[in-house]
Amino acid sequence: MLILKSSASNGRPSLNDIHIVNLSYVSDVQIKEDVSSPLQPFPSINFQRLNTRLRNQVEDKRRLVAALAAGVSPGGQQLFLTISKTISDVRWHGSNIVVFNSVTIAPPYKLENIKGDVGSKAFIHIKKIVEKYLKDQVVDPATTKNGLSASY
């Protein structure tokens, strides 16, 4: 492995960008600039945090694959992703989106397709998310094609 440490791309002096390269995929290495200052040791790695992050990412990908396997429309997939950005308790049940095990959004994923206890906080919150999602789809036609988001 080759580890490259450089100044942070966001410009913050207290941070660095770190790139790890698998040398088995590298055919040639050339030194562009040799640094004379002594190397500072890398901070310790929090493996528990990394493993949690990995599990979460794998679970997110599994949910997306489940949506594709269920034949869900791209609009439904995009709504699912929008909800999952703020709520972790979201899953697929066939082609329905289920949030908090109490609110269901059925195709074609419009406001009238939201089912659940209308007076509950969960229902109201999910309804607001769907309203904003649908409004953003209409307001920004430059990023949409046929009513679907073009950034997948």
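The first residue of the sequence shown is numbered 1, and numbering continues consecutively from there. Predicted model, so just to flag it, every value in this text is computed and none were measured.
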Please round to the nearest 0.5 Å and tell me the distance separating atom [atom1] of [X] and atom [atom2] of [Y].
| X | Y | atom1 | atom2 | result |
| --- | --- | --- | --- | --- |
| S73 | Q78 | OG | CD | 10.5 Å |
| T104 | H93 | OG1 | NE2 | 8.5 Å |
| L4 | N16 | CG | CG | 12.0 Å |
| L79 | I83 | CG | CD1 | 4.0 Å |
| N101 | R91 | CG | CZ | 5.0 Å |
| Q77 | T82 | CD | OG1 | 11.5 Å |

Taking atom types as modelled, is there a side-chain donor on S9 or D17 under 3.5 Å from an acceptor on the other?
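Side-chain D/A pair, S9 to D17: present.
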Side chains of R49 and T52, donor plus acceptor under 3.5 Å:
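No - no donor-acceptor pair under 3.5 Å links their side chains.
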Between [X] and [Y], which heavy-atom pair has the shortest distance, and what is it?
| X | Y | result |
| --- | --- | --- |
| K115 | E112 | NZ-O, 3.1 Å |
| F100 | A122 | CD1-CB, 3.7 Å |
| V26 | D28 | CG1-O, 3.4 Å |
| S84 | L81 | OG-O, 3.0 Å |
| I20 | M1 | CG2-CE, 3.7 Å |
| N96 | P107 | OD1-CD, 3.3 Å |

Side chain to side chain, [X] and [Y], heavy atoms closer than 4.5 Å:
| X | Y | answer |
| --- | --- | --- |
| P108 | N113 | yes |
| L111 | K127 | yes |
| D89 | V99 | no |
| I114 | V130 | yes |

Can you hop from I126 to V98 via hydrophobic side chains spaced under 4.5 Å?
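Different hydrophobic clusters.
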When clusters are formed by joining ILVMFWY residues with side-chain heavy atoms under 4.5 Å apart, either directly or through shared neighbours, do I3 and L23 land in the same one?
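Not linked; separate clusters.
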Look only at the side chain of N51 and the backbone of Q48, and say whether a donor-acceptor pair between them is shorter than 3.5 Å.
no
With F80, the side-chain contact (heavy atoms from CB on, under 4.5 Å) member among V72, V90, I105
V90
Within 6.0 angstrom of K132 NZ, more than 12 heavy atoms from elsewhere
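Result for NZ/K132: open.
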